[in-house]
Number of protein chains: 2
Amino acid sequence: MAEEKLQRNTRQRQVILEELCKVTSHPTAAELFALVQMRLPRISLGTVYRNLELLVQNDIIRKLELGGREARYDGNLNRHYHIRCMECGRVADLHDISDDPVAAKLENVEGWEIMGHRLEFIGICPQCRGEKAEKEIK
Amino acid sequence: MAEEKLQRNTRQRQVILEELCKVTSHPTAAELFALVQMRLPRISLGTVYRNLELLVQNDIIRKLELGGREARYDGNLNRHYHIRCMECGRVADLHDISDDPVAAKLENVEGWEIMGHRLEFIGICPQCRGEKAEKEIK
DNA sequence: GTCGCTGCAAACTCTTTGCAGTGCC
DNA sequence: GGCACTGCAAAGAGTTTGCAGCGAC
């Protein structure tokens with residue numbers, strides 16, 4: 001999956017990754033930009049987006065595109081689930097919780113009140129499987 | 001949850017709901033707009049968004065804000081899960097599948113190849129629970 | 001020295017909103 | 001007839017991109 005696209009280790013990239021790993025708040029690109037800007041005042045938001053994308057492609061960080069409009073980024077690659085606050089949009093980690101959302105709903109963890117869950121499967125549809133098979137033949 | 005905000009049954013609203021219920025493809029607002037436009041050529045995209053929002057608030061349809069950037073809408077309120085194609089973004093329903101994503105991953109359903117899942121919990125964070133409690137006291 | 005990466009700004013996508021007019025109840 | 005709703009267009013949020021110059025290797 002990792003495609004080794006990171007060819008140069010720029011100061012901007014270092015700082016973006018450091019700041020992301022330092023917090024557990026799963027910042028949006030804009031929030032991370034604000035953090036990085038304290039250390040690199042001339043950095044641009046475009047650079048933050050470009051580096052986040054590259055870091056995601058190299059499996060160094062994870063992009064969270066779940067509920068809510070903005071994407072959030074997670075510097076922790078260990079398998080864990082997230083919980084999003086319906087009121088303020090804050091996202092936290094859930095450790096040691098059941099993989100089964102129905103069972104998990106019953107446990108209230110770390111001060112959060114769990115109201116529900118979103119579960120979406122990801123895969124390849126019959127049409128695209130067909131196309132992939134065709135390409136491999138060619 | 002339903003707040004009964006639908007006060008008038010306009011032709012636009014009827015057609016939007018009819019077209020959404022007619023398909024099982026979970027269209028985006030723009031896709032639905034195109035469908036509706038065939039029957040009401042002068043309708044505007046803003047009207048589609050406004051009506052979708054009202055229909056969601058009245059628990060008549062569901063808004064799917066999972067992976068991918070655009071929201072998609074679902075006219076079927078029965079409990080079911082969705083699967084999104086990694087290649088083309090198409091979203092389909094999954095019926096009769098285990099609630100447990102780990103078990104479900106093993107079953108390949110209706111021609112789809114299931115690669116993984118996204119699971120996010122929704123709740124109220126400790127901070128917002130505090131604020132809500134405060135408001136209720138006042 | 002090369003060329004991947006940067007800052008900047010403009011563009012793009014999706015969604016929301018202000019406004020004057022329309023038509024449902 | 002009142003006012004919820006409409007079409008239109010402009011604005012808004014979040015993200016991407018084109019370009020000339022910079023700096024990591």
Side-chain angles (χ1 to χ4, degrees), chain A residues 2-20 26-58 60-73 84 88-89 91, chain B residues 2-20 26-58 60-73 84 88-89 91:
Chain A
E3 301 177 27
E4 297 303 338
K5 291 183 179 175
L6 300 185
Q7 309 201 4
R8 290 181 191 173
N9 186 19
T10 62
R11 180 104 187 91
Q12 288 85 342
R13 186 128 73 215
Q14 282 168 35
V15 173
I16 289 168
L17 184 54
E18 276 173 33
E19 291 298 320
L20 179 57
H26 312 85
T28 61
E31 285 164 1
L32 191 55
F33 173 60
L35 289 173
V36 172
Q37 218 173 13
M38 293 191 213
R39 293 173 56 187
L40 304 174
R42 295 189 51 82
I43 198 171
S44 79
L45 187 54
T47 297
V48 173
Y49 274 108
R50 274 188 283 228
N51 275 297
L52 287 171
E53 194 53 42
L54 284 172
L55 291 167
V56 167
Q57 281 175 15
N58 283 264
I60 295 169
I61 66 172
R62 207 190 303 277
K63 187 174 186 178
L64 310 178
E65 287 184 286
L66 290 157
R69 194 101 76 70
E70 314 155 81
R72 289 175 173 271
Y73 295 87
R84 179 180 304 266
C88 66
V91 174
Chain B
E3 300 177 28
E4 299 303 339
K5 292 184 177 176
L6 299 185
Q7 310 200 5
R8 290 181 191 173
N9 187 20
T10 62
R11 180 105 188 89
Q12 289 83 341
R13 186 128 72 215
Q14 281 168 35
V15 174
I16 289 168
L17 184 55
E18 276 173 34
E19 291 297 321
L20 179 58
H26 312 84
T28 61
E31 286 164 0
L32 191 54
F33 173 61
L35 289 173
V36 172
Q37 217 172 14
M38 293 190 213
R39 291 174 56 188
L40 303 175
R42 294 190 51 81
I43 198 171
S44 79
L45 186 53
T47 297
V48 173
Y49 274 108
R50 274 188 283 229
N51 275 297
L52 287 171
E53 193 54 40
L54 283 171
L55 291 167
V56 168
Q57 281 173 16
N58 283 265
I60 295 169
I61 66 172
R62 208 191 301 279
K63 186 175 186 178
L64 310 178
E65 288 184 284
L66 290 157
R69 194 102 76 70
E70 314 156 83
R72 289 174 172 272
Y73 295 86
R84 180 180 303 266
C88 66
V91 174

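The figures that follow rest on heavy atoms only: side chains count, while hydrogens, waters and symmetry mates do not. Here is the naming used below: chain letters follow the sequence lines, and residue numbers restart at 1 for every chain.
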Mind running side-chain contact (heavy atoms from CB on, under 4.5 Å) on A:Leu32 and A:Leu52 for me, showing each step along the way?
CA-CA 10 Å; A:Leu32 191 55; A:Leu52 287 171; 3.7 Å; yes

Mind running a 4.0 Å heavy-atom check of residues 28-36 of chain A against DNA chain C and sending the residues that fall below it, in number order?
none

Would you call A:Arg69-B:Glu65 a salt bridge at under 4.0 Å N-O?
no

Among D:dT6, C:dG7, D:dG7, which nucleotide sits nearest the side chain of B:Asn51?
D:dT6

Report, one line per pair, each donor and acceptor closer than 3.5 Å where one atom sits in a side chain of residues 36-44 of chain B; sequence neighbours left out.
unit_1, atom_1, unit_2, atom_2, d
B:Arg39, NH1, B:Glu18, OE1, 3.1
B:Arg39, NH1, B:Glu19, OE2, 2.8
B:Arg39, NH2, B:Glu18, OE1, 2.9
B:Ser44, OG, B:Thr47, N, 3.4
B:Ser44, OG, B:Thr47, OG1, 3.2

Between A:Glu53 and A:Lys63, what is the shortest heavy-atom contact and its length?
OE1-NZ, 3.7 Å

Counting primed atoms plus P, OP1 and OP2 as sugar-phosphate and everything else as base, spell out the protein contacts along nucleotides 16-25 of chain D at 4.0 Å heavy-atom distance: B, S or - for each nucleotide, 5' to 3'.
BBBB---BBS

Indicate whether OP1 or OP2 belonging to C:dG4 is found under 4.0 Å from a side-chain N or O atom of A:Arg13.
no

All heavy atoms of A:Leu45 vs all of A:Ala29, minimum pair found to be CD1-O, 4.2 Å

With sequence neighbours left out, what residues match B:Arg50 under salt bridge (charged side-chain N to carboxylate O under 4.0 Å, His left out)?
none

Shortest side-chain distance from A:Leu54, nucleotide among C:dC8, D:dG7, C:dC5:
C:dC5

Please list, chain by chain and in numerical order, all residues satisfying side-chain hydrogen bond (donor to acceptor under 3.5 Å, both in side chains) with B:Arg13, sequence neighbours excluded.
B:Asn51

Contacts of B:Glu70 meeting salt bridge (charged side-chain N to carboxylate O under 4.0 Å, His left out) (sequence neighbours excluded), chain-then-number -> none

How many angstroms lie between atom CG of A:Leu17 and atom CG of A:Asn9, to the nearest 0.5 angstrom?
9.0 Å

Terminal axes of the helix from C:dG1-D:dC25 to C:dC25-D:dG1 (five pairs each): angle between them, nearest 10 degrees
30°

